[in-house]
Every structure is written in C-alpha cells, then in structure tokens.
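Working notes for the structure below.
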Number of protein chains: 4
Amino acid sequence: MNAEIPGGAAGAGSGTGAPRGRPRSVEADRAILTATLELLAERGLDATSIEEVAARAGVGKTTIYRRWTSKGLLALDAFVISFREEQPLPDTGTLRGDLLSALHAWVRAVTQTAMGPMLTGLIAEAQHDPELRGAWRDRVLEPLRTQHRVMLDRAIARGEIPASVDRDVVLDLFFGAAEHRLLLGHLPMTGEFIARVVDVILAGITRTQT
Amino acid sequence: MNAEIPGGAAGAGSGTGAPRGRPRSVEADRAILTATLELLAERGLDATSIEEVAARAGVGKTTIYRRWTSKGLLALDAFVISFREEQPLPDTGTLRGDLLSALHAWVRAVTQTAMGPMLTGLIAEAQHDPELRGAWRDRVLEPLRTQHRVMLDRAIARGEIPASVDRDVVLDLFFGAAEHRLLLGHLPMTGEFIARVVDVILAGITRTQT
Amino acid sequence: MNAEIPGGAAGAGSGTGAPRGRPRSVEADRAILTATLELLAERGLDATSIEEVAARAGVGKTTIYRRWTSKGLLALDAFVISFREEQPLPDTGTLRGDLLSALHAWVRAVTQTAMGPMLTGLIAEAQHDPELRGAWRDRVLEPLRTQHRVMLDRAIARGEIPASVDRDVVLDLFFGAAEHRLLLGHLPMTGEFIARVVDVILAGITRTQT
Amino acid sequence: MNAEIPGGAAGAGSGTGAPRGRPRSVEADRAILTATLELLAERGLDATSIEEVAARAGVGKTTIYRRWTSKGLLALDAFVISFREEQPLPDTGTLRGDLLSALHAWVRAVTQTAMGPMLTGLIAEAQHDPELRGAWRDRVLEPLRTQHRVMLDRAIARGEIPASVDRDVVLDLFFGAAEHRLLLGHLPMTGEFIARVVDVILAGITRTQT
DNA sequence: TCTTAACCGAGACGGTACGTCAAGTCTTCCT
DNA sequence: AGGAAGACTTGACGTACCGTCTCGGTTAAGA
C-alpha cells in the first residue's frame with residue numbers, strides 16, 4: 001500500500017507499531033483513484049475538481065484531503081498505477097532494437113491511450129506545484145530513466161557504444177524530442193519520426209569523437 | 001500594433017476604413033502589458049489573475065477582455081515582446097559554432113532571466129488551452145524553428161551535413177533535450193550539457209567519410 | 001432603502017455624489033429578503049443557511065455577503081420589515097388601557113404569527129454575535145421602548161402616576177415578564193397573564209392617595 | 001452521581017440489578033465536565049465544540065456522546081453543578097428583604113462570575129433544542145421558582161401580601177426584568193435597578209385591588 | 001480461569017456549511 | 001463607442017465539526 005499510495009501521509013509511521021484509531025478504508029482508496037482516473041480521461045487534470053472526484057467516488061472531501069495534499073499528487077497516483085507496466089524494458093540484442101522498441105512503446109502509450117492527456121496535464125500542473133514536480137521526478141522520471149539506462153549499459157558491455165557516452169544527455173535527447181512534440185503538437189509522432197530520432201542519436205554516440 | 005498584439009480581436013475591422021466611436025487607448029495597452037509582465041515575473045502565470053492585472057494597470061476588467069480572450073494569450077503577448085530579440089541568429093562559420101551559440105543564448109534566457117518561469121508557465125497553460133497552444137506554435141515556436149533551420153541550411157550549403165538530414169527531427173532533439181530539463185528540472189543545464197547535446201547531434205548528422 | 005437595509009455597507013458614501021460602477025440590484029435585495037423571511041418562518045434562524053437563502057433567492061452567495069456581514073444581520077433586516085408596524089402606539093385615554101392594548105399586540109404577534117420564532121431566534125443569535133446585539137438594541141429594542149415610554153409620559157401628564165417613576169424599570173418589567181415566558185415556555189401567555197402583569201405594575205407605580 | 005448527571009442515559013437499566021460489562025469511567029465524567037466548564041468560561045457555549053471538549057478532556061468523542069445526546073445537555077450539566085448552591089433561599093423576616101437578597105445573589109452570579117455567559121448561552125441554545133429547553137425548565141427554572149415561591153408563601157403567612165396574589169406572575173416579573181437586561185444588555189443591573197424592581201413589585205402586590 | 005459485554009482512546013468515515021476567490025459577463029456614468 | 005468601476009452568477013476552494021463507525025485494548029461480572 002505504501003508503495004502504491006505514497007502521496008498521502010501514509011498512515012501509521014513504520015515501526016511505531018500499533019496504528020491506533022480506525023484504519024483508513026481501502027475501499028475509499030480504490031473508489032477515489034478509480035474516480036480520478038475516469039475524470040482525468042474524460043476531461044483532463046485541469047478540468048477535474050476535487051469536489052467532483054469526491055462526489056463520483058461517493059466519498060467526503062476530507063477523505064481525499066486526508067490522503068493527498070493536492071490535486072496533482074492524487075492525479076500522479078492515479079497515473080502511476082496505469083503507467084508503470086506500460087513501459088517494459090525491451091531486450092532485442094541490439095541498441096537500435098531496444099531504443100526503437102522503447103520509443104514505440106512510449107509513443108503508443110501517449111497517442112493511443114488516455115496516458116497522453118494525463119501526462120501533459122501532470123507536467124503542466126508540476127510547473128506550479130513544486131511538490132508534484134519532485135514527486136514526478138522521483139516516481140516517474142527517475143524510474144523510467146533508470147530502466148532505460150540499462151539499455152545503454154548493455155550496449156556498452158557489448159561494445160556497441162563507447163563507455164564514455166553521457167547517458168543522461170542521451171536520455172534527455174531521447175525523451176526530450178518526443179516530449180517536445182507531445183507538448184506542443186507542432187508535428188506528429190510517426191514511425192518515421194521515431195526511426196530518425198533513434199538513427200541520429202545512435203550515429204551520434206557510435207561514431208568515435210577522435 | 002496589430003503585429004504586436006494579435007491575441008485580441010484586433011480592434012477595428014480591417015479594411016472597414018473609419019473605426020467609428022472612441023478609439024482604443026494606447027496607454028491602456030501599455031499599462032496592461034507592463035502590469036502583466038511584472039506579475040508574471042513576480043509570481044508566475046498560474047498565480048496571476050486577470051483581476052490583479054486590471055487593478056495594477058488601473059484598468060477595468062472589461063478593457064482587458066475586450067483585447068484578449070484569455071489569460072494565456074495576454075501572457076503570450078507580454079512574453080513575446082521580451083523574448084523575441086533575445087534569440088539572435090548566430091553565424092559563426094561552422095554549424096558547431098552556430099548550434100553552441102544558439103543553445104547558449106536559449107539556456108541563458110531561461111535560467112538567468114524571468115523568461116524561464118514565463119516559458120514553463122505558458123507551456124503549462126497551453127496544455128489546457130488549445131487556442132494558446134496554436135498561438136504559441138505560430139508566434140513563438142515556428143519563428144524560432146524557421147530561424148534555426150537557416151543554420152542547418154547553411155551547413156548543408158557548406159557541405160558540412162548532407163541535404164538528406166531531417167531538419168525537423170534535429171530541431172526537436174536540439175530544443176527537446178533542453179526543454180525537457182527545463183520543465184522537469186531533474187538535471188541542470190550546464191555548459192557541459194550544452195556541449196554534449198551539440199556533439200551528439202552533430203556526430204549524428206555529419207556526412208560519413210566513407 | 002438606507003433606512004430599511006442598514007445592515008450592509010449601504011453602498012455609496014452619502015454626499016460623495018456619483019456612486020461609480022454598477023449599482024446594486026434592487027431585485028436581488030428583494031429576492032434575498034423574501035427568501036430569508038420564508039426560510040425563517042419555515043425552519044427558524046438556526047436551521048437556515050446562507051447557502052440555502054442564496055439558492056432560493058436565485059442569487060450568488062457573494063451577493064449576500066456583499067450586503068450583510070452575518071446571518072444575524074440579514075435576519076434582523078428581514079424581521080424588522082415585518083415587525084415594525086405590528087406594534088402600534090395605542091392611545092386609549094388611560095394607562096391601563098394603553099398597557100393592556102400594547103401587551104396584547106405584542107403577545108398576539110409572537111404567538112399568532114411567525115414573529116415568535118424569529119424573535120427568539122434573533123435573541124439567541126445575538127448572544128454570540130455582539131454586532132447583532134447592538135443592532136437589535138438600536139433597531140428594535142430602543143425604538144420599541146421609546147414608543148412605549150410615550151404611554152408613561154402621557155400618564156404622568158394626566159397625573160395617573162408620579163413623575164418620579166423609573167420608566168426604564170417599568171418597561172423592563174413590562175417586556176421582561178412576557179419575554180421570559182416566550183423564551184422558556186414554562187407558562188402560556190394568556191389574557192389573564194396579560195391582565196395580571198398590567199395590574200401589578202400599575203398598582204406598583206400608581207400615585208398613593210395618602 | 002445519577003442525581004448530578006441526569007442528562008445522559010443514566011448508565012445501568014433501573015431495576016435490572018447487575019450492570020454487566022465494564023462500568024463507565026468516573027474519571028472520564030469528571031474530565032469531560034471540567035473541560036466543558038473551562039471552555040464555556042473561555043469562549044462560550046456556541047464557540048465550544050464537542051471535538052474540543054473531547055480533546056481537552058483526553059477522551060474519545062464517543063465517550064461524550066454515550067453520556068450526553070447534545071452539546072446543550074452537556075453544558076447544562078456543567079452549568080448546574082456550579083449554579084445550584086449559588087442561589088440560596090434567604091430568610092430575612094420581611095418579603096422586601098428576601099426579594100432584595102435573592103435578586104442581589106442572582107445579579108452577582110451573572111455579572112461577577114462566568115455564570116452570565118453560560119446562562120445566556122444556554123438560553124440561546126435552548127431556542128433551537130427542544131430537549132434542552134425542557135431540561136432547562138425541569139432542572140434549573142422550576143427548582144429556582146419553587147425555591148423562590150417559598151418566600152412569597154411566607155409573606156402570605158405573615159400577612160404581608162394577600163393570598164390571592166398570582167405567584168407565577170410575580171416570579172415572571174421578578175426574574176423577567178433582570179433576564180431581559182442580561183440578554184439584551186441595554187441597561188446595567190445596578191443596585192438601584194434591583195431596589196426599584198423590588199419596590200414596584202412589592203407595591204403592586206401589597207396594595208389591595210379593591 | 002475463562003468468557004463476554006460494555007466500556008475506553010483514537011481517529012477515519014460521509015456530510016453540510018462555511019467564508020473566500022476568481023472567472024467571465026453585465027450595467028451604470030463619464031469621456 | 002470606449003473606458004473605469006463595480007456589480008452580477010457560477011463554481012470550486014480548503015477547513016471545521018457534525019454524529020457515526022471501526023479499530024485494538026481494558027475492565028469487571030458471571031460461568
């Protein structure tokens with residue numbers, strides 16, 4: 001539970017032993033997150049109010065505020081549940097295959113599912129909510145980067161790319177280009193776009209900078 | 001005026017000749033934009049209300065709504081005035097020099113001035129305001145891309161990179177990586193970051209010697 | 001208007017000339033007071049919420065808060081409108097006749113109309129709202145006392161009672177006994193009660209024949 | 001204890017003999033009443049919440065609700081404990097002496113101690129809580145009246161006043177006038193006020209209504 | 001000694017209403 | 001007709017208490 005709903009006060013302090021008082025309702029947790037997810041998909045984070053979430057979940061507003069300190073952190077929890085396993089760690093044998101597969105999965109998620117609007121809504125909200133910004137980094141961004149860094153490490157082990165590669169910069173280029181198109185929508189994220197992004201990055205780090 | 005404040009209804013119908021009635025106050029325009037700029041710098045787009053802008057500008061709310069249909073478009077106008085000339089088109093003789101110079105200018109603007117919060121605030125707002133999203137593309141993004149595409153065209157003419165390079169993808173990688181760090185703040189935009197971004201892209205698109 | 005709705009900010013300062021801005025809606029005033037009166041009669045002051053008044057009046061909550069700073073002052077205005085002329089100044093020629101007539105009118109008002117619950121509700125509310133307490137004194141109690149003091153003054157002029165009578169104490173006994181029964185309800189306010197109250201007071205202050 | 005805290009469910013079923021189960025904590029009773037008394041004195045009945053009483057008494061809310069069905073009844077119990085013996089039955093030998101002494105005691109209690117705010121708060125609360133209204137009559141008003149009726153009976157026995165005197169009306173005038181000033185605060189309860197109230201009533205019932 | 005019933009503190013539960021803020025619109029007088 | 005002022009309706013905010021409920025854990029009497 002703690003792992004899935006870290007946005008709130010997380011109930012009893014770990015190690016403090018007895019949790020005292022009526023325990024938080026697991027049903028309420030579920031109802032709130034379900035309602036949030038539905039509303040997020042229906043009208044986006046900005047147009048969703050805590051009041052509406054409470055009404056749809058059949059829950060008092062305080063029950064939500066007791067668990068989450070802001071709309072953003074609630075939305076983050078709802079998002080994370082759906083997003084986590086949609087981003088698998090591919091292992092195709094070559095870096096090109098891995099990168100293509102990973103970017104395809106990301107693009108598919110943000111264009112074919114409700115993840116797209118959720119993601120943009122959360123990034124938007126994070127711009128004026130420092131706590132959400134931090135939580136987003138800790139619970140979405142860093143896990144994703146850590147996972148994808150593995151692909152680069154394997155490529156280094158295989159000798160495909162030099163060990164001197166700045167993996168952080170590579171990840172920023174990799175996700176940055178796609179995120180840029182997602183946020184501004186100036187150009188579509190086609191298969192060709194994906195291929196070329198991977199091509200440029202791959203060529204850029206494969207070639208020796210002698 | 002029309003060219004600088006296209007966010008609003010543009011006042012008198014174009015071509016109708018005589019504007020009839022009292023003309024719009026130029027002082028009001030200036031006062032509103034100045035107040036907006038101040039508030040944007042002080043507390044960001046999200047925490048700025050039309051009501052406050054009106055109060056500080058010494059102007060009725062109606063006077064603002066008559067010119068701009070949304071807070072975002074007003075902020076965009078205030079932003080554009082300040083942002084435009086901060087992004088010069090460098091011409092250093094080599095693509096590497098041009099790219100480094102351009103990215104340095106961008107990073108400096110968003111980290112050393114109030115442009116950073118304004119930019120992130122506007123991108124955030126654009127996520128739930130389609131009109132602003134369009135205006136942002138037309139009035140900020142495309143001009144910037146057009147300007148930077150020239151650098152790539154010159155490099156092609158010089159034979160530094162092949163004509164087959166997908167310039168849009170290059171621009172997405174170029175701006176995407178930096179914007180990514182700006183929005184999420186997971187890593188700083190140091191000089192080294194700038195250099196490596198340029199290096200990877202450059203290596204990725206430079207003509208093969210084979 | 002000022003005379004009838006002194007609970008609010010009373011709009012423009014008198015003498016300041018032009019009232020600037022959109023004037024307060026007279027319809028809203030009326031709708032609010034009507035709704036308040038209905039709800040007060042239906043369920044009493046305590047069980048009436050500002051929210052419900054707003055809803056029934058078809059008015060925003062702020063429109064009420066702009067005019068009245070508390071529920072009590074709003075209720076007071078609604079009450080005063082109804083109560084004012086229900087308490088006529090009788091002139092029967094004798095003090096006994098005047099007092100009987102006045103007390104009858106008061107008892108009739110609080111037992112036969114909705115004035116009773118309103119009055120008790122307002123006195124109750126005034127116990128924890130000093131502003132209402134003051135307003136009640138100024139706008140209900142003192143006018144009523146001033147009016148009834150006239151009856152005593154006429155009796156003094158006629159020589160029925162000595163000029164040395166403490167008229168304030170007489171009024172306190174007169175209203176106090178009835179109010180006491182109204183608030184605690186331990187005994188009914190019958191015609192006999194009225195007669196005996198008047199008898200005792202009258203006997204107590206009538207000039208000694210000695 | 002039962003005699004002093006009759007507001008609650010009175011614990012064990014009458015006649016059932018053995019109460020079964022854990023007996024109610026006497027400490028909790030005391031703590032709750034003490035906390036109530038403190039808060040009543042500090043901020044009045046209206047501004048005191050059950051939640052705060054529970055917190056200060058170091059007691060669960062349930063423990064309070066198990067004993068008292070409403071805030072008013074709890075406050076009544078706290079009040080009665082303090083108020084009871086403050087109102088002695090004077091026996092000075094003359095009705096004037098008795099009345100003066102009794103009214104002095106009452107005025108002193110409500111003006112010099114925290115009894116005043118408690119009393120007004122309870123009367124206020126009783127206006128929208130019929131149960132409290134009944135309890136107030138049974139446990140405060142009637143005992144007080146019964147006690148003071150004795151003074152009138154003694155005066156009748158002594159021949160000071162005729163037996164035909166309506167003692168209820170006299171008591172209403174006696175307490176009504178003072179309560180009136182207490183609730184509305186339009187005039188102070190001075191020694192002169194007390195004397196004149198007694199004078200008028202005494203003169204009113206002494207004199208024969210031939 | 002072991003149930004068993006009612007208590008205890010703590011604190012979460014679904015609600016209601018609070019008083020405030022800002023949104024975008026409307027209405028007045030004035031320029 | 002534009003402009004400043006300030007009203008208007010709407011809707012959401014986050015908070016405080018309400019009276020109820022559920023925990024784990026006493027505390028006694030009865031079996």
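Letters A, B, ... are given to chains in the order of the sequence lines, protein chains preceding strands, and every chain is numbered from 1. All values below were derived from every heavy atom in this structure, side-chain atoms included, with hydrogens, water molecules and symmetry-related copies excluded.
Salt-bridge check for A/R24 with A/D29: failed, with every basic side-chain N at 4.0 Å or more from each acidic carboxylate O. Taking the charged nitrogens against the carboxylate oxygens, A/K61 and A/E52 have no contact shorter than 4.0 Å, which rules out a salt bridge. Taking a cutoff of 4.0 Å between a charged side-chain nitrogen and a carboxylate oxygen, C/E125 and C/K71 do not qualify as a salt bridge.
For D/K61 against F/dG19, a side-chain N or O and a base N or O form a donor-acceptor pair under 3.5 Å. At a cut-off of 3.5 angstrom, counting only N and O atoms as typed in the model, there is a donor on one side and an acceptor on the other between the side-chain of A/R22 and the base of F/dC21. On a pure distance criterion of 3.5 Å, no polar donor-acceptor pair joins the side chain of A/S49 and the base of F/dC13. Contact annotation: side chain of C/T62 to base of E/dG19, donor-acceptor pair absent below 3.5 Å.
Taking the nucleotide of DNA chain F with the nearest heavy atom to each of B/A28 and D/G21, the more 5' of the two is matched to B/A28. Toward the 5′ end of DNA chain F lies the nearest nucleotide of C/G58, the other residue of the pair C/G58 and D/E52 mapping further downstream.
When the nucleotides E/dT28, F/dG3, F/dC13 are ranked by their closest atom to the side chain of A/I50, F/dC13 comes out on top. Closest to the side chain of D/K71, out of F/dC18, F/dA7, F/dA5, is F/dC18. Of the candidate nucleotides E/dT28, F/dT20, F/dT9, F/dT20 has the atom nearest to the side chain of D/Y65.
Among all heavy-atom pairs drawn from D/L33 and D/W68, the shortest one is CD2-CZ2, 4.0 Å.
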